[in-house]
2 protein chains.
Amino acid sequence: MTANAARADTRPSPRRRAGNGAAPREAAGDIGLDALVGHAGYAVRRFEIWIFQDFIRTLGEVDIRPTQYSVLTVIGANPGLSQMAVAKRLGIERARLVHLLDSLEQRKLVKRIKSKEDRRSHALHLTAQGETALTKFKRLAAEHERHVEAKIGKENRAHLLRILAGFT
Amino acid sequence: MTANAARADTRPSPRRRAGNGAAPREAAGDIGLDALVGHAGYAVRRFEIWIFQDFIRTLGEVDIRPTQYSVLTVIGANPGLSQMAVAKRLGIERARLVHLLDSLEQRKLVKRIKSKEDRRSHALHLTAQGETALTKFKRLAAEHERHVEAKIGKENRAHLLRILAGFT
DNA sequence: GGCAATTGTTGTCGTCAACAACATTCTTCC
DNA sequence: GGAAGAATGTTGTTGACGACAACAATTGCC
């Protein structure tokens with residue numbers, strides 16, 4: 001139990017206005033989160049929502065979402081990977097990756113080349129267009145990352161990356 | 001730019017095996033993430049997946065998911081809130097909250113009481129059964145939180161909560 | 001040669017965020 | 001006091017995403 005949640009943990013509730021009147025007093029912003037403030041998952045979730053919104057907005061002009069960006073980056077750094085390898089590396093289901101690649105292939109950013117060594121699999125490559133596009137995406141993503149720094153602080157961001165390095 | 005991503009940032013790609021052969025060498029685990037390792041969003045996303053899976057598993061015996069837990073906790077700490085107030089406080093859309101409350105009301109954990117002051121709105125309360133259930137949920141959630149501590153370290157978890165406190 | 005495993009694909013289901021539209025009720029403004 | 005606009009809860013749709021299950025083609029194992 002954290003020091004935060006210790007006080008109000010097992011107590012049922014303050015029970016203000018036991019009746020039912022929804023006094024507009026709470027509309028101000030003094031709604032307590034109770035045990036929620038001690039939960040890492042809640043903070044992480046709220047943060048992830050913020051960070052994804054900023055990513056999507058910052059890369060909105062090129063219409064690239066976080067998952068698409070991660071797929072392009074990994075393919076760009078490791079040309080020739082199979083879909084299975086990419087899916088496993090990024091924690092995406094291979095069924096989901098099919099649609100992602102369909103979309104990216106339609107946009108001429110990625111191409112699937114039938115492997116001659118294992119004819120079940122596809123070797124994934126960026127197209128020439130995909131390469132130049134990716135460098136632009138990376139520039140925008142770096143800009144998004146500066147937004148994160150501005151939001152939580154440069155040192156905090158670095159510390160956070162260090163804490164969560166094991167999950168990448 | 002972080003020290004990590006600085007090296008391979010703008011370079012297009014190492015271009016190993018420009019042909020297409022998907023050599024199984026990479027299956028081992030040496031697939032580089034390139035710029036991805038410098039992105040807080042990616043790390044946060046992978047972490048959130050892990051933390052949610054553990055939460056769902058730990059509270060599996062009571063069949064409570066993170067969002068349901070957050071709703072119950074806030075209602076428990078602030079009886080009489082309207083749906084709008086809860087939605088705004090937790091960053092949930094009010095349309096989504098309707099289904100959440102439908103489910104929780106069916107399970108007799110929450111009741112909607114028509115407010116007499118504003119007949120558009122419902123005052124939300126825990127049932128007696130909901131109160132006792134919530135204390136059990138909190139106990140399980142605390143257990144989940146210990147799993148987080150075990151995973152990333154006690155100090156890191158505390159530091160992370162401090163960094164992200166502004167998003168709650 | 002035959003059988004299990006792998007790869008990509010298709011499909012379904014459930015969760016979740018984002019909207020849009022609507023009826024009821026409140027608030028504001030004339 | 002009454003009309004216009006806003007707020008609240010509800011219903012429905014869309015799209016991204018994770019989890020599964022089933023399938024054909026291909027590979028690897030025995």
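Note on naming: letters A, B, ... go to the chains in the order of the sequence lines (proteins, then strands), and numbering restarts at 1 for each one. If you're wondering where the values come from, they're calculated on a predicted model, not measured in any experiment.
Residue B:Leu124 contributes atom CG, which lies 12 Å from atom C1' of D:dT8 at whole-angstrom precision. Atom CD of B:Glu117 and atom C1' of C:dC26 are 13 Å apart (whole Å). Counting to the nearest Å, the P atom of D:dA25 and the NZ atom of A:Lys114 are 11 Å from each other. Taking atom CZ on B:Phe52 and atom C1' on C:dA17, their separation rounds to 13 Å, with Å as the unit. The distance from atom NZ of A:Lys116 to atom P of D:dT27 is 14 Å, rounded to the nearest whole Å. One can place CG of B:Leu100 at 7 Å from P of C:dC16, the figure rounded to the nearest angstrom. Atom CZ in A:Arg94 sits roughly 13 Å away from atom P in D:dC20 (whole-Å rounding). Atom CD in B:Glu93 sits roughly 13 Å away from atom C1' in D:dG15 (whole-Å rounding).
Within the nucleic acid shown, B:Gln68 has no heavy atom closer than 4.0 Å to any nucleic acid atom.
Among the nucleotides C:dG8, D:dG18, C:dC19, the one closest to the side chain of B:Ile49 is D:dG18.
Regarding contacts with the backbone of C:dC16, a side-chain N or O of B:Thr67 is found under 4.0 angstrom from either OP1 or OP2. Distances shorter than 4.0 Å separate some side-chain N or O of B:Arg112 from OP1 or OP2 on D:dT10. Applying the 4.0 Å criterion to OP1 and OP2 of D:dT27, one finds that A:Arg119 has a side-chain N or O inside that range. One finds no side-chain N or O of A:Arg120 lying less than 4.0 angstrom from the OP1 or OP2 phosphate oxygen of C:dG8. In terms of phosphate contacts, A:Gln53 brings a side-chain nitrogen or oxygen within less than 4.0 Å of OP1 or OP2 of C:dA18. Contact annotation: A:Arg45 side-chain N/O to C:dA17 OP1/OP2 distance is under 4.0 Å. Distances shorter than 4.0 Å separate some side-chain N or O of A:Gln83 from OP1 or OP2 on C:dT9. Phosphate proximity of C:dA17 to A:Arg65: absent, as no side-chain N or O sits under 4.0 Å from OP1 or OP2.
Using a 4.0 Å cut-off between charged side-chain N and carboxylate O, B:Asp54 and B:Lys151 make no salt bridge.
Counting only N and O atoms by type, the side chains of A:Arg112 and A:Gln83 include a donor and acceptor under 3.5 Å apart. Using modelled atom types, one finds no donor on one side chain facing an acceptor on the other under 3.5 Å when comparing A:Arg65 with A:Tyr69.
Using a 4.5 Å heavy-atom cutoff, the side chains of B:Val110 and B:Val71 are not in contact.
Side-chain atoms of B:Thr132 come within 3.5 Å of backbone atoms of B:Gln129 as a donor-acceptor pair (strictly under, hydrogens ignored).
Residues A:Leu36 and B:Ile51 do not share a hydrophobic cluster, defined by chaining ILVMFWY side chains whose heavy atoms lie under 4.5 Å apart.
The base of D:dG18 has none of its N or O atoms less than 3.5 Å from a complementary donor or acceptor on the side chain of A:Arg96.
Nearest-nucleotide mapping onto DNA chain C: of A:Asp102 and A:Asp118, the residue sitting toward the 5' end is A:Asp118. Along DNA chain C, the nucleotide closest to B:Ala95 and the one closest to A:Ala95 are compared, and the more 5′ of them pairs with A:Ala95.
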